[in-house]
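In what follows, a single structure is set out as structure tokens and then discussed.
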Amino acid sequence: MNNDYEISKEFIGNKRNEYSSNDEACMLTAFAWASRSKDPSTQVGACFVNENNKIISVGYNGAPNGWDDDSFPWRRPEKGEGEYNSKYPYVIHAEMNGVLNYDGPGKDFRGSTCFVTLFPCAQCAKFLVQRGIKRVVYYTDDRKDTEDNKCAKRTFTMTGVEFIDFHDLMTRRTKDIEINLDEEKGPIKIKRKEDK
């Protein structure tokens, strides 16, 4: 064997230690896409990764294609009002947008993972199941006491879709990353805790 093509051990190493895992990079991608949302109260992003850990699609919550964002009713309904003049019956959720915006064959989603910044609603859960997604990694689950959320979790459980809290996947080397979702401070900011 010719040693001319081998790298001497003294030149190997020195890699950076504080790099993101694939799961962390995918969640950060979902947050980057959430920042595209025009919704003033809830920005959600989704990143879909196939079985080979390759990103196949992304999405964020927004107005349907062709509906100008400036003429969209981004408001929440006031108490006692119906939802007709609010965002709720019209907005396309990040998970659905990610699947619907994909130009490739639908079978590409079979066995894939959806990284999403907010736990999916019951409608999106059914949609993800039908598309063949097998794993959902979510960043926050702040609506876990609602019936809609319980229905989404039941749908995932009954159909064998694994749902995982992203915080359980974070590695020791990146636990110091803070994702700021405070809308009063502007768009989503990702910073290391020591930068405060």
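Note that the structure is predicted; figures quoted are calculated from it, not measured. Computation of the quantities below employed the complete heavy-atom set of this structure, encompassing side-chain atoms and omitting hydrogens, waters and symmetry-equivalent molecules.
Remark: P77 engages E81, E83, S86, Y88 in a side-chain contact (heavy atoms from CB on, under 4.5 Å) (not counting sequence neighbours). In this structure, the salt bridge (Lys or Arg N to Asp or Glu O under 4.0 Å) partners of K87, at least two apart in sequence or on a different chain, are D39. With sequence neighbours excluded, the residues satisfying salt bridge (Lys or Arg N to Asp or Glu O under 4.0 Å) with K38 are D69. Qualifying ring pair (Phe, Tyr, Trp, His ring centres under 6.0 Å) partners for Y138, counting only residues two or more places apart in sequence or in other chains: F119. Legend: residues meeting side-chain contact (heavy atoms from CB on, under 4.5 Å) with D103, ordered by chain and number and at least two apart, are absent. For T29, the side-chain contact (heavy atoms from CB on, under 4.5 Å) partners are W33, C47, I55, V58, not counting sequence neighbours. Every side-chain contact (heavy atoms from CB on, under 4.5 Å) that D148 has, sequence neighbours left out, goes to C121, A122, T146. The salt bridge (Lys or Arg N to Asp or Glu O under 4.0 Å) test applied to R154 returns no partner, not counting sequence neighbours.
Counting only residues at least two apart or in different chains, ring pair (Phe, Tyr, Trp, His ring centres under 6.0 Å) contacts with residues 39-65 comprise F48-F109. The salt bridge (charged side-chain N to carboxylate O under 4.0 Å, His left out) contacts involving residues 112-130 comprise nothing, where partners must be two or more places apart or lie in separate chains.
Using modelled atom types, no side-chain atom of S37 and backbone atom of A34 make a donor-acceptor pair closer than 3.5 Å.
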Show every donor-acceptor pair shorter than 3.5 Å between a side-chain atom in residues 155-166 and any protein atom, with sequence neighbours excluded, or say none if there are none.
unit_1: T155; atom_1: OG1; unit_2: C151; atom_2: O; d: 2.9
unit_1: T157; atom_1: OG1; unit_2: K153; atom_2: O; d: 2.8
unit_1: T159; atom_1: OG1; unit_2: T155; atom_2: O; d: 2.7
unit_1: T159; atom_1: OG1; unit_2: F156; atom_2: O; d: 3.4
unit_1: D165; atom_1: OD1; unit_2: H167; atom_2: N; d: 2.9
unit_1: D165; atom_1: OD1; unit_2: H167; atom_2: ND1; d: 2.8

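Considering every non-hydrogen atom in both A94 and V44, the closest pair reads CB-O, 3.5 Å.
Connection of L118 to F115 is not established within any shared hydrophobic cluster, with ILVMFWY side chains joined at heavy-atom distances below 4.5 Å, either directly or through further cluster members.
Residues F11, I12 make up the rest of the hydrophobic cluster containing I7, defined by ILVMFWY side-chain heavy atoms closer than 4.5 Å, directly or through other members.
The closest side-chain donor-acceptor pair between D141 and N149 falls under 3.5 angstrom.
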